[in-house]
There are 2 protein chains.
Amino acid sequence: MYDMTVIGGGPAGITAAVIALNSRMETLIIAERWGGQTTYGMELEDTEGREVITGETLLDSFRRQLDYLDFARHFDTVTRVVPEEGHFVIHTADDDRFEALTLVIATGAKPQRLNVPGETLLAGRGLSYSAASHAGLFLGKDVAVVGNGRRAQWATASLARKAHRVYLLAPEPLVPTPLAQKLNKMDTVEVLEGATVQQVVGAKFVEGVVAAMPDGQSREIPVKGVFVKLTRTPNSALVREWVDCDSRGHILVDTHCATSWPGAFAAGDVTVVSEQVLVHVGEGAKAALSAYHYLLMQ
Amino acid sequence: MYDMTVIGGGPAGITAAVIALNSRMETLIIAERWGGQTTYGMELEDTEGREVITGETLLDSFRRQLDYLDFARHFDTVTRVVPEEGHFVIHTADDDRFEALTLVIATGAKPQRLNVPGETLLAGRGLSYSAASHAGLFLGKDVAVVGNGRRAQWATASLARKAHRVYLLAPEPLVPTPLAQKLNKMDTVEVLEGATVQQVVGAKFVEGVVAAMPDGQSREIPVKGVFVKLTRTPNSALVREWVDCDSRGHILVDTHCATSWPGAFAAGDVTVVSEQVLVHVGEGAKAALSAYHYLLMQ
């Protein structure tokens with residue numbers, strides 16, 4: 001019986017596991033791999049070396065700690081979590097079975113890939129999945145944002161304060177929000193509804209995007225940055241039947257990362273939280289400490 | 001007019017300022033000094049070198065960034081914050097006056113010093129103000145906790161899982177909680193109600209505490225660690241008249257660090273949150289990003 005099991009190997013899960021181990025809890029982290037869904041570093045043509053996003057170094061050291069503590073990690077896919085009287089039973093794809101007194105769910109959200117040529121090559125070289133992390137690097141440049149929902153709109157508004165020109169490539173009509181109305185009126189923002197990205201162009205760094213326009217024509221737009229902000233789905237299926245979630249599937253947590261189920265805590269992109277690595281680190285730490293406090297009271 | 005003013009130079013405030021500057025907000029951080037009230041590092045007789053608490057290195061680099069950006073920082077005491085139509089006016093002891101569209105309150109909590117001989121010398125050398133950060137270092141050792149409230153009780157319960165023996169020196173009767181009842185029954189915990197610490201003893205590292213017992217006698221208790229967990233008061237006086245606080249004065253925030261006043265956010269020990277440096281870092285980042293989102297909607 002573990003004191004705590006963490007599900008997920010992104011920034012929130014990694015931090016939760018390290019904090020729990022530092023608190024001398026019997027801890028197991030189960031992840032398909034280390035990472036998290038976004039690329040945190042960003043290299044641009046005119047920046048020297050690699051622009052390391054704050055927190056990346058910290059997470060590297062956490063990963064190394066966990067690599068060293070092989071008893072505390074298990075690379076596998078969790079297929080089922082069953083809440084039992086006073087503990088949780090976790091089943092994995094490799095038919096392993098673990099028991100834990102507390103649970104930290106840090107399963108993230110489904111990737112939001114474009115799935116077009118150029119995306120993989122140029123990720124971290126002008127192509128980003130996180131405006132909160134990288135928008136500041138595109139001061140005075142032309143950039144594109146892909147998406148139509150709230151996250152795409154926030155990214156566009158944020159970039160509009162910094163970039164020279166922002167193209168919002170919305171495959172579907174913009175979700176109607178007050179911000180969408182503001183974007184349509186901004187001089188530096190061009191909203192292209194019905195535009196579908198076909199390719200991200202660039203030999204070494206992003207040089208542009210090619211989009212299919214609603215009139216059937218292809219248009220190449222020269223940009224130095226592309227922010228992919230398509231709709232994401234939180235990976236909450238494992239617990240959705242017994243933990244309260246919002247209508248989009250995000251796990252609902254209080255300010256201490258507690259879910260509606262006693263002993264179950266959640267952190268990171270599976271909850272509603274800013275997409276910034278330090279925020280995820282903090283939430284992971286908080287979830288681990290809340291689980292620890294919970295344990296002390298049992 | 002600044003986009004954002006941060007009040008407080010601890011981990012939450014420092015991180016908020018750095019994240020805001022990275023987001024290209026016009027940012028000012030006002031602090032009496034860099035720091036925060038606790039000592040994060042801990043050196044012990046039998047550990048090699050200095051046990052650096054996770055996050056300290058990160059904060060060092062943030063402080064250096066802010067030292068470099070002298071336009072973004074102001075060392076002074078904030079004496080008054082006035083919420084005006086759509087912005088805040090901040091007055092300082094040196095009669096400066098600043099205006100900002102958003103506010104991050106990261107003013108921490110009043111120190112909880114023992115004010116006895118040995119405390120200053122031995123802080124970070126066995127004497128700690130944070131069980132969440134340092135409890136794990138005292139595996140198998142004898143330690144003392146000073147306090148009678150919930151935080152002292154949590155620290156004692158947490159240490160009881162690791163230390164050999166825990167003395168809870170409670171100057172006043174324990175605040176009645178379910179945990180207090182459990183502590184009284186634990187074999188490894190000795191609750192000394194009415195004991196007042198007179199001195200922390202040790203040449204280079206903590207070797208013991210001297211306490212005045214209720215019977216008038218002095219008792220020297222040999223311990224390797226002392227955790228000071230006296231009652232703290234959140235520094236919320238600047239905003240308490242117009243921002244909702246709990247009965248003990250903590251600023252109430254939602255999961256995005258928003259207070260009850262639009263445009264005002266809070267992070268760290270002035271709110272109710274785990275006393276762990278990475279949690280404060282995450283809360284600071286979150287408050288800054290929430291302020292940024294708020295600004296984009298104006």
Side-chain angles (χ1 to χ4, degrees), chain A residues 3 12 15 18-19 21-25 53-55 57-58 61-62 65 131-137 139 153-154 156-158 160-162 177-179 182 252-257 267 271-290 292-293 295-297, chain B residues 3 12 15 18-19 21-25 53-55 57-58 61-62 65 131-137 139 153-154 156-158 160-162 177-179 182 252-257 267 271-290 292-293 295-297:
Chain A
D3 289 331
T15 307
V18 168
I19 294 289
L21 287 161
N22 284 352
S23 296
R24 313 285 178 194
M25 293 171 84
I53 294 308
T54 309
T57 315
L58 185 73
S61 100
F62 287 176
Q65 285 181 47
S133 298
H134 299 133
L137 302 173
L139 210 64
Q153 293 174 22
W154 279 120
T156 305
S158 172
R161 291 171 61 96
K162 298 150 192 149
T177 67
L179 191 56
K182 289 186 67 172
L252 296 171
V253 290
D254 67 11
T255 52
H256 302 287
C257 294
T271 69
V272 178
V273 80
S274 307
E275 302 160 2
Q276 213 280 348
V277 58
L278 285 182
V279 175
H280 289 200
V281 164
E283 294 288 296
K286 201 197 283 182
L289 291 168
S290 295
Y292 184 47
H293 279 194
L295 263 189
L296 291 180
M297 276 308 289
Chain B
D3 290 331
T15 306
V18 167
I19 293 289
L21 288 162
N22 283 353
S23 297
R24 313 285 179 196
M25 294 170 85
I53 293 308
T54 310
T57 315
L58 185 74
S61 100
F62 287 176
Q65 284 181 48
S133 299
H134 300 134
L137 301 174
L139 209 65
Q153 293 174 22
W154 279 120
T156 304
S158 172
R161 291 172 61 97
K162 298 151 192 146
T177 68
L179 191 56
K182 291 186 64 172
L252 294 171
V253 291
D254 67 11
T255 52
H256 302 287
C257 294
T271 70
V272 177
V273 80
S274 307
E275 302 160 2
Q276 213 281 346
V277 58
L278 286 181
V279 174
H280 290 199
V281 163
E283 295 288 295
K286 201 197 282 182
L289 290 167
S290 295
Y292 184 46
H293 279 193
L295 263 190
L296 290 181
M297 277 308 289

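Worth saying up front: this structure is predicted, and the values here are computed from it rather than measured. Just the heavy atoms: all of them, side chains too, but no hydrogens, waters or symmetry mates, feed the values below. We name chains A, B, ... by the order of the sequence lines, and we start the count at 1 in each one.
Among A285(B), P178(B), G284(B), the residue with the largest count of heavy-atom pairs under 4.5 Å with chain A is A285(B). For chain B, the option among S158(A), A131(A), A135(A) with the highest count of heavy-atom pairs below 4.5 Å is S158(A).
In this structure, H256(A) and V273(B) have side chains that are not in contact, with every pair of non-hydrogen atoms separated by 4.5 Å or more. With a 4.5 Å cut-off on side-chain heavy atoms, L278(A) and L58(B) count as touching. Side-chain contact check for K182(A) versus L296(B): every heavy-atom pair is 4.5 Å or farther apart. Between E283(A) and K286(B) there is a side-chain heavy-atom pair separated by less than 4.5 Å.
With rounding to the nearest 0.5 Å, the separation of OG in S23(B) from CD in Q276(A) is 7.5 Å. Rounding to the nearest 0.5 angstrom, the gap separating the CG atom in D254(A) from the CG atom in D254(B) is 12.0 Å. The CZ atom of R161(B) sits 5.5 Å away from atom CG of L295(A), with the distance rounded to the nearest 0.5 Å.
For A157(B), the parts sitting under 4.5 Å from any heavy atom of chain A are the backbone and the side chain alike. With a 4.5 Å cut-off on non-hydrogen atoms, L179(B) touches chain A through its backbone and its side chain both. Looking at S61(B), neither its backbone nor its side chain comes within 4.5 Å of chain A, counting heavy atoms on both sides. Using a 4.5 Å cut-off between heavy atoms, L21(B) makes no contact with chain A at all. Within the 4.5 angstrom heavy-atom criterion, only side-chain atoms of K162(B), from C-beta onward, approach chain A.
Judged purely by atom type and a 3.5 angstrom limit, R24(A) uses its side chain to pair as donor or acceptor with the backbone of G136(B).
M297(B) and W154(A) get closest at one heavy-atom pair: CG-CH2, 3.2 Å. When every heavy atom of T255(A) is checked against every heavy atom of V253(B), the shortest pair comes out as CG2-O, 3.6 Å.
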